[in-house]
**Student:** 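Structure in structure tokens, see below.
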Amino acid sequence: MAPHEPTPPSDASGASDASELVDFAVDLTSQEVLRRAQVMAALGPDWDPMEVLLGEEAAYDLLYSGLDAQQQRLYDDLVAAGVLPSRGDGRAAA
């Protein structure tokens, strides 16, 4: 309990009233800052987020390339349904 909070009321025997709610708060700010610092340290100084993003885009282009007619129809249906994002002109890469 925070030092500025009053002591919960007690009866004559000294037992506290269990029906009283006690404010309980935990500030995890310092732990979150430490966690983020450790993530950045694990990524290392050579981590380039733009390079990673471009690599992911290239991987998606490759994933949806060379589709046969049935696969292309399924891809188009998934894009139309909003399951997959539209890529380029709306067609899978050739």
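Reckoned from all heavy atoms, side chains included, excluding hydrogens, waters and symmetry mates.
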**Student:** Check side chain to side chain contact (heavy atoms under 4.5 Å, CB included) between Leu78 and all other residues, then give those that pass, not counting sequence neighbours.
**Tutor:** Leu74, Val83, Leu84

**Student:** For Glu51, enumerate each residue passing the side chain to side chain contact (heavy atoms under 4.5 Å, CB included) test, keeping only those at least two apart in sequence or located in another chain.
**Tutor:** Asp48

**Student:** In the single-linkage hydrophobic clustering (I, L, V, M, F, W, Y; side-chain heavy atoms under 4.5 Å), do Tyr75 and Leu63 co-cluster?
**Tutor:** yes

**Student:** Do Tyr60 and Leu54 belong to the same hydrophobic cluster, where Ile, Leu, Val, Met, Phe, Trp and Tyr are linked whenever their side-chain heavy atoms lie under 4.5 Å apart, directly or via other members?
**Tutor:** no

**Student:** Can you list everything that forms a side-chain hydrogen bond (donor to acceptor under 3.5 Å, both in side chains) with Gln71? Sequence neighbours excluded, please.
**Tutor:** none

**Student:** Not counting sequence neighbours, which residues clear side-chain hydrogen bond (donor to acceptor under 3.5 Å, both in side chains) with Asp27? List them please.
**Tutor:** Thr29

**Student:** With clusters built from Ile, Leu, Val, Met, Phe, Trp and Tyr whose side-chain heavy atoms come within less than 4.5 Å, directly or transitively, what are the remaining members of the cluster of Val26, listed by chain and number?
**Tutor:** Phe24, Leu28

**Student:** For Gln70, enumerate each residue passing the side chain to side chain contact (heavy atoms under 4.5 Å, CB included) test, keeping only those at least two apart in sequence or located in another chain.
**Tutor:** Asp68, Arg73

